[in-house]
Amino acid sequence: MSMPFPFTAVVGQDNLRLALLLNAVSPAVGGVLVRGEKGTAKSTAVRALSVLLPEVDVVAGCRFSCDPGAPDPGCPDGPHETGSGTTRPARMVELPVGASEDRLVGALDIERALAEGVKAFEPGLLADAHRGILYVDEVNLLHDHLVDLLLDAAAMGASYVEREGVSVRHAARFLLVGTMNPEEGELRPQLLDRFGLTVEVAASREPEQRVEVVRRRLAYDDDPAGFAARWADEEAAVRQRIVAARELLPSVRLGDGALRQIAATCAAFEVDGMRADIVMARTATALAAWAGRTEVLAEDVRQAALLALPHRRRRNPFDAPGLDEDKLDETLEEFSGDGDHDPDPDPDDGGPGPGGGGGEPAPDEDPQGGDTGARPEAGDDGEPQASGAGEQSAVRASEPFRTKVLSVPGIGQGAAGRRSRARTEHGRTTGARRPRGALTKLHLAATVQAAAPHQRARGRVGRGLVVRRDDLRQATREGREGNLVLFVVDASGSMAARQRMSAVKGAVVSLLLDAYQRRDKVGLVTFRGASAEVALPPTSSVDAAAARLETLPTGGRTPLAVGLLKAHDVLRVERLRDPARRALVVVVTDGRATGGPEPVVLAGRAARLFAAEGIASVVVDCESGPVRLGLAGQLAGELGGTAVTLDELRADSIAGLVKDVQRRAA
């Protein structure tokens, strides 16, 4: 095993190091989520922490790390007698993103369980991580079914493995540490809330600090042992300080004044539930112990809020996490008394509201989208053009809404998600088959049916069923998959009226919110003037797509064929990278095609490429006004998909039906 980079040699990243050390002092804080760009020492710091943790007392020979002073009465390797044990270093167990369910929770020998009634159990990573660190790199890319298992274990402090009525339980209390790059997608809110603290990290922009990072890294790579030896004294000092803080922790007093500040802060930032209050209290107590104090001060509460609240405050999924420090200071000052202070509850305070908008229009913004002047002049082709240079600046999206469910027809087998039907490891049972590889989901009835005809030939006696490996049947299940939702957005002059484009952007943002909730990948292609561009290559970061959409300018002609061909090329490349993930193309346009020779004919040919390859598609018809040409519906027919208007896209619209994205002739 290679020697980890010394924790004390990490340059900068003070908040990251503090958050990790607080969890080392008080594991009850609940772990750390480290968010940041690549190459910022996220993984290096986490792996270095395990070396600083105190050794753990365990029962000798127990695969589940039972404490000899209080062994788990339900331990599969038990029962254990209370008494002396042995010590070992604290473990850091790494959960790979592509791990299987059996690797995480352990595997039960189904054949022996059915035939002999023996609970032959092979522990998984949750058992290895008990009383240590469970580290998940790229935690935002973890499959949903593994996230569910982590949530259950983190909530109950135990892991359960059940196979057709046979169950095994063992303790699983661990320090959960995750790292992620937000550009690759966000976490589910349930898992996000399970992390006690969160830290945003970024590379320093100071040349001297960057020089020191490179200098230390090169020295470590040349001689890891020698480099570690040079930092041995600092490492030992931090290790001793952790031990001292742990011993002091039970003596730290969390007074009523500090508790009132904690409660007021959580209420002021409108966090959901009570977990934030509890985590803040534990963090503030750990901060006091780390500082060698037995009294929690206001500065501890403030630091605890900065670490425990940013990922819990109520916000739109596309808003960057963070905390308004001015508002935090005002709240702490307001409740800084001894408990007798009666703050003014006047709700009509004339001060400014929290920054960041939240979708509210600016006071001087025209409620009709700013289109108060004359109608845009028409171009040579008869469609409206932007004034001046032929281009309008970007407008804000209208308020998002809940959309209808758009799904890909048929049954896929892509990554787990919540959009289209797929064959998955989880979901409702639809049949049985012979297992390919390890058996993970037993179909009991099919297994018994396969074994029954052979009982006499196998010499069965008594009530037990003689089961062989060839009799076992794997349950086939149907669940939901995530798709690649590729948005193809018309940004031409025909879409350029402010009110109209604001509504269009609002519809796309609403669909992006839906994609975020359904665990899809998204991409964005825009077209206007004479060309099309990939504004965002396929990614799991839907907030990046929302940001690109927000700055999208409009104007010029409508090169519909060019936009469709660009989207087709994006899908071709993406199929090579991820062939199992099916695509859903959402074309947002009024259906007009202008510019170049025979634009309508070329657009039809491009659209028929999608139909010929069976690519699921939907056209969001943005045509408005009393006279409608129906061009978007014609485009949908060429694509082999269907068209919905902006009004029909709303889940609560009178139009009423949830539409499949592809409507084919019988």
Side-chain angles (χ1 to χ4, degrees), residues 1 3-4 6-8 19-32 45-95 104-106 119 121-136 150 153-161 168-177 196 228 232 235-252 282-283 285-286 289-290 292 294:
M1 180 178 178
M3 181 170 295
F7 187 85
T8 51
L20 292 172
L21 289 170
L22 291 177
N23 275 274
V25 171
S26 176
V29 166
V32 187
V46 174
R47 292 188 174 98
L49 175 68
S50 61
V51 181
L52 298 178
L53 296 180
E55 292 189 331
V56 180
D57 293 327
V58 297
V59 174
C62 177
R63 297 174 297 166
F64 301 87
S65 302
C66 281
D67 185 347
D72 180 8
C75 176
D77 283 357
H80 303 300
E81 294 183 2
T82 303
S84 61
T86 184
T87 60
R88 62 162 176 77
R91 289 175 181 162
M92 191 199 76
V93 177
E94 194 162 346
L95 173 61
L104 178 62
V105 300
K119 295 181 181 179
F121 182 69
E122 184 65 31
L125 295 177
L126 289 179
D128 293 341
H130 179 48
R131 305 176 67 202
I133 300 174
L134 181 61
Y135 172 50
V136 189
L150 273 182
M156 297 183 293
S159 175
Y160 292 85
V161 182
V168 173
R169 172 210 166 276
H170 65 82
R173 292 182 295 276
F174 46 82
L175 169 59
L176 181 61
V177 180
E235 294 281 285
V238 172
R239 190 178 297 110
Q240 292 171 5
R241 188 175 175 185
I242 292 173
V243 173
R246 282 190 173 188
E247 294 174 350
L248 182 63
L249 188 65
S251 303
V252 176
R282 289 171 174 166
T283 305
T285 304
W290 179 249
T294 57

Item to check | Audit row: Asn23, Leu49, side-chain contact (heavy atoms from CB on, under 4.5 Å) steps and yes/no | outcome: CA-CA 10 Å; Asn23 275 274; Leu49 175 68; 5.8 Å; no
Which pair of non-hydrogen atoms, one from [X] and one from [Y], has the smallest distance, and what is that distance?
X: Ala48; Y: Pro6; value: CB-C, 4.1 Å
X: Pro27; Y: Ala24; value: CD-O, 4.2 Å
X: Leu175; Y: Gly31; value: CD1-CA, 3.3 Å
X: Val25; Y: Ala289; value: CG1-CB, 4.5 Å

Item to check | Pairwise distance SG(Cys66) to NE2(His80) - rounded to 0.5 angstrom | outcome: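 Those atoms lie 4.0 Å apart.
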Checklist entry - So how far is it from Leu22 CG to Ile242 CD1, rounded to the nearest 0.5 Å? => result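 Spacing of CG (Leu22) from CD1 (Ile242) equals 10.0 Å.
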Checklist entry - What side-chain hydrogen bond (donor to acceptor under 3.5 Å, both in side chains) pairs are there with at least one residue in residues 62-76, not counting sequence neighbours? => result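 Listed once each, the pairs are Arg63-Asp77, Ser65-Arg88, Asp72-Arg169.
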Next on the checklist: In the structure I gave you, are the side-chain heavy atoms of Phe174 and Val93 within less than 4.5 Å of one another anywhere?
Outcome noted: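 Heavy-atom side-chain distance check fails, nothing below 4.5 Å.
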Expected list for residues 51-62: side-chain donor-acceptor pairs under 3.5 angstrom, two or more places apart:
none

Item to check | For Thr8, all residues meeting side chain to side chain donor-acceptor pair (under 3.5 Å), sequence neighbours excluded | outcome: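 Result, side chain to side chain donor-acceptor pair (under 3.5 Å) vs Thr8: Glu235.
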Item to check | Residue list, side chain to side chain donor-acceptor pair (under 3.5 Å) with Arg241, at least two apart or on another chain | outcome: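 In terms of side chain to side chain donor-acceptor pair (under 3.5 Å), with neighbours along the sequence ignored, Arg241 is linked to no residue.
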Item to check | For Leu104, all residues meeting side-chain contact (heavy atoms from CB on, under 4.5 Å), sequence neighbours excluded | outcome: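 If we apply the side-chain contact (heavy atoms from CB on, under 4.5 Å) test to Leu104, skipping adjacent residues, the hits are Leu95, Leu125, Leu126, Leu146, Leu149.
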Item to check | ring-ring contact (aromatic ring centres under 6.0 Å, His included) against Phe64, all qualifying residues, sequence neighbours excluded | outcome: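 His170.
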